[in-house]
Amino acid sequence: MCQLSTLVFLVLSIIAIDHLSLASARVRNLNYAAFCVISKSATDAQMQSNINWVCSQKFDCTPINPGGSCFEPNNLSSHASFVMNRYYQKNGREEEACDFANTGRFINSDPSYGDCVYDY
């Protein structure tokens, strides 16, 4: 009887954990480099050029505008990474969609923060 109750407890625990809502944490199933962000060596001019180009391609760049969910921190690196990743995701996660004249790089960890949620 003890083994059966232990087994029932474990099964119910797994079910409960599987359905547990994690409001403060994002849990994503990432099997490979899932996000495209700006290279640490990119210049301000390159970052601005990437932002301008992606936003001119009819991608929604409102999250990086004042008042947008990804405006803060208000810096080129954050803004460029957000729009570059959006472009990469919307173009089928093709390697060349993160090139940006050799200023893009891949990361596995989710760069989302607060209300700023990166596409994946």
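Hydrogens, waters and symmetry mates play no part in the numbers below; they use all other heavy atoms, side chains included. Note that the numbering runs from 1 along the sequence shown for the chain.
- Residues Tyr88 and Val37 have side chains not in contact (no heavy-atom distance under 4.5 Å, counting atoms from C-beta outward).
- In this structure, a donor-acceptor pair under 3.5 Å is present between the side chains of Gln48 and Asn52.
- Defined by atom type and a distance below 3.5 Å, a donor-acceptor pair is missing between the side-chain atoms of Ser77 and Asn75.
- With values rounded to the nearest 0.5 angstrom, Gln57 atom CD is found 6.5 Å from Tyr87 atom OH.
- Side-chain contact between Ile51 and Cys55: present, with at least one pair of heavy atoms (C-beta onward) separated by less than 4.5 Å.
- When the side chains of ILVMFWY residues are joined at heavy-atom separations under 4.5 Å, either directly or via intervening members, Phe71 and Val117 end up in two distinct hydrophobic clusters.
- Screening residues 65-100 for disulfide bond (SG atoms under 2.5 Å apart), with sequence neighbours left out, gives Cys36-Cys98, Cys70-Cys116.
- In this structure, Tyr118 and Phe35 have perpendicular ring planes: the angle between them is above 60°, well past the 30° mark.
- With rounding to the nearest 0.5 angstrom, the CZ atom of Phe106 is 10.5 Å from the CZ atom of Arg93.
- Asp115 and Ser69 get closest at one heavy-atom pair: O-CB, 3.5 Å.
- For Arg105, there are no salt bridge (charged side-chain N to carboxylate O under 4.0 Å, His left out) partners two or more places apart in sequence or in a different chain.
- Formation of a donor-acceptor pair under 3.5 Å by the Thr103 side chain with backbone atoms of Phe100 is found in this model.
- Judged by distance alone, with hydrogens and angles left aside, the side-chain atoms of Ser49 form no donor-acceptor pair with the main-chain N or O of Ala45 at under 3.5 Å.
- Closest non-hydrogen pair, Asp119 versus Gln89, comes out as O-CG, 3.4 Å.
- In this structure, the side-chain hydrogen bond (donor to acceptor under 3.5 Å, both in side chains) partners of Thr43, at least two apart in sequence or on a different chain, are Gln46.
- Within the 4.5 Å cutoff, no side-chain heavy atoms of Arg86 are placed close to those of Val54.
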For this session: Decide yes or no on side chain to side chain contact (heavy atoms under 4.5 Å, CB included) for Val83 and His79, but give the supporting numbers first.
Result: CA-CA 6 Å; Val83 299; His79 293 177; 5.9 Å; no
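- With hydrogens and angles disregarded, no donor-acceptor distance shorter than 3.5 Å links the side chain of Asn50 to the backbone of Met84.
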